[in-house]
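Below you'll find the structure, written out as structure tokens, and then a few comments.
Atom set for the values below is all heavy atoms of this structure, side chains included, hydrogens, waters and symmetry mates excluded. Just so it is clear, the structure is predicted and the values come from calculations on it, not from any experiment. Letters go in sequence order (proteins before strands), and every chain restarts at 1.
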Amino acid sequence: MQEQELIQQLKQGSEAAFKIFVETHQDRVFNTALGIVQNAADAEDVAQEVFIQAFRSIGSFKGESKLSTWLYRIATTRSLDLLRSRKSKKRYGIIQRLFNEQGELQYDPPDFHHPGIVLEQKENAAKLFKAIAKLPDNQKAAFTLHKLEGINYQEISEILDTTVSSVEMLMYRAKLNLRKILEAEGANTKD
Amino acid sequence: MRMDNNKTEEILNSLDGLQRATSPDFFYTRLRAKMEKGIESPAQQPVWYLRPAFVLATLFAIVAVNVMVFFKNNTIQKNTAAVDYTDVIQQTVASDFSQADNNIVYDLTMSR
């Protein structure tokens with residue numbers, strides 16, 4: 001089915017079209033969310049929310065970009081929203097712990113292991129994901145989209161609604177920051 | 001140092017050749033179930049009372065009210081303690097005396 005035809009059927013509320021739409025894009029949405037939120041259960045929740053939002057707002061989709069670009073945009077926004085929500089809960093946890101000795105910090109993530117990483121790179125990738133989690137949102141989004149989904153700078157600029165040169169700058173800064181974080185965290189120390 | 005840079009580069013390039021993660025089994029079934037139930041994810045649920053801005057503002061308001069009440073009470077106590085009753089008595093006596101004088105003058109005038 002052609003994309004335009006699929007969009008038309010989605011706008012008409014076709015369940016069959018929605019199933020095709022989900023099955024076509026679910027892996028890319030899940031993988032994008034997983035790269036950003038770094039937790040499989042949360043990534044599945046985000047992916048579901050992305051499709052629910054897409055289903056509800058397909059009527060306002062003008063077709064100026066590809067469906068995948070539109071979905072990447074929703075997935076990135078939703079994933080970053082979840083991270084912000086986690087951060088605010090973590091801050092509240094710190095305040096709560098001041099008053100309650102038994103209060104434990106939530107959402108202190110363990111090392112994240114992406115299922116698509118080759119075994120010999122598992123340890124290095126875990127360190128990299130830990131560093132990625134510390135990047136500012138826009139750098140994190142650009143780096144994840146490029147490295148995990150292999151999206152070129154042109155499409156990333158459409159997803160993030162910015163210019164290609166801005167994406168280049170985001171990627172440059174992301175790499176610079178990652179290098180600093182890795183060095184600061186003693187990534188270079190011998191195990 | 002050269003070795004360190006190599007290690008950092010190795011880590012930075014560790015995502016090269018990564019395979020896309022596949023979504024969990026029965027993703028569509030679970031999605032449909034969620035859509036039918038209309039369940040919102042924890043990220044969607046309103047947690048306004050957990051927002052740091054709200055928590056800090058509440059704490060600030062409580063502390064501010066306490067400080068205000070403390071200072072107000074202190075001021076009232078100081079004012080109460082500072083009243084000198086001898087002044088009040090003197091003023092009352094002077095006032096009575098002045099009034100008595102006027103009455104005497106009035107009585108003299110009337111008797112003429």
Side-chain angles (χ1 to χ4, degrees), chain A residues 15 18-19 22-23 26-31 34-35 40-49 51-52 55 78 81-89 91-92 94-96 114-118 121-129 131-132 147-150 175 178-179 182-183 187-190, chain B residues 1-70:
Chain A
E15 192 169 333
F18 183 64
K19 191 175 182 185
V22 172
E23 285 174 353
Q26 64 185 42
D27 285 350
R28 78 182 66 207
V29 170
F30 176 74
N31 192 44
L34 185 64
D42 286 344
E44 188 184 355
D45 269 350
V46 169
Q48 287 175 348
E49 293 296 334
F51 285 109
I52 292 170
F55 179 75
R78 286 274 177 171
D81 283 348
L82 181 78
L83 293 185
R84 283 187 209 109
S85 158
R86 267 193 207 163
K87 267 184 194 170
S88 65
K89 282 182 185 172
R91 279 195 217 110
Y92 179 72
I94 291 168
I95 294 169
Q96 204 175 32
H114 190 282
I117 298 284
V118 287
Q121 288 293 355
K122 206 173 168 183
E123 198 180 325
N124 283 341
K127 284 176 184 169
L128 183 57
F129 274 114
I132 291 171
K147 288 285 183 180
L148 266 75
E149 278 294 303
K175 285 173 189 170
L178 285 172
R179 200 167 271 121
L182 289 169
E183 284 166 5
N188 298 324
T189 54
K190 284 184 182 176
Chain B
M1 189 64 189
R2 180 73 191 151
M3 185 66 184
D4 289 351
N5 284 338
N6 285 343
K7 180 68 181 167
T8 306
E9 283 304 317
E10 198 183 307
I11 293 171
L12 282 171
N13 295 326
S14 62
L15 298 186
D16 292 350
L18 170 140
Q19 297 288 310
R20 177 186 275 168
T22 53
S23 50
D25 293 339
F26 309 110
F27 178 83
Y28 183 74
T29 312
R30 282 205 286 270
L31 171 63
R32 289 301 306 179
K34 192 171 189 174
M35 287 173 83
E36 280 159 24
K37 284 182 186 169
I39 298 170
E40 289 189 329
S41 75
Q44 287 300 104
Q45 288 169 4
V47 284
W48 56 271
Y49 56 89
L50 297 181
R51 287 178 183 272
F54 179 81
V55 173
L56 290 175
T58 310
L59 282 174
F60 179 78
I62 291 168
V63 171
V65 167
N66 274 295
V67 168
M68 219 168 69
V69 168
F70 176 77

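- Residues Lys34(B) and Glu49(A) have side chains in contact (heavy-atom distance under 4.5 Å, counting atoms from C-beta outward).
- Using bins of under 30°, 30° to 60° and over 60° for the plane-to-plane angle, the ring pair Phe18(A)/Tyr28(B) lands in the tilted bin.
- Side-chain contact annotation: Asp27(A) with Ser23(B), donor-acceptor N/O pair under 3.5 Å present.
- Of the listed residues (Asn13(B), Leu15(B), Ile11(B)), just one forms a side-chain contact (heavy atoms from CB on, under 4.5 Å) with Asn124(A), and that residue is Ile11(B).
- Using a 4.5 Å cut-off between heavy atoms, Arg32(B) touches chain A through its side chain atoms alone.
- With a 4.5 angstrom heavy-atom cutoff, Leu148(A) touches chain B via backbone and side-chain atoms both.
- At a threshold of 4.5 Å between non-hydrogen side-chain atoms, the residues Leu12(B) and Lys175(A) do not count as touching.
- Among Gln121(A), Lys127(A), Lys147(A), the one residue that satisfies the side-chain contact (heavy atoms from CB on, under 4.5 Å) test with Ser14(B) is Gln121(A).
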Please step through side-chain contact (heavy atoms from CB on, under 4.5 Å) for the pair Ile117(A) and Gln19(B), ending with a clear verdict.
CA-CA 7 Å; Ile117(A) 298 284; Gln19(B) 297 288 310; over 6 Å; no
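- In terms of heavy atoms, Phe30(A) sits closest to Thr22(B) at CE2-O, 3.3 Å.
- Nearest heavy-atom pair, Leu34(A) versus Ala21(B), reported as atom, atom and distance to 0.1 Å: CD2-CB, 3.6 Å.
- With a 4.5 angstrom heavy-atom cutoff, Phe129(A) touches chain B only via side-chain atoms.
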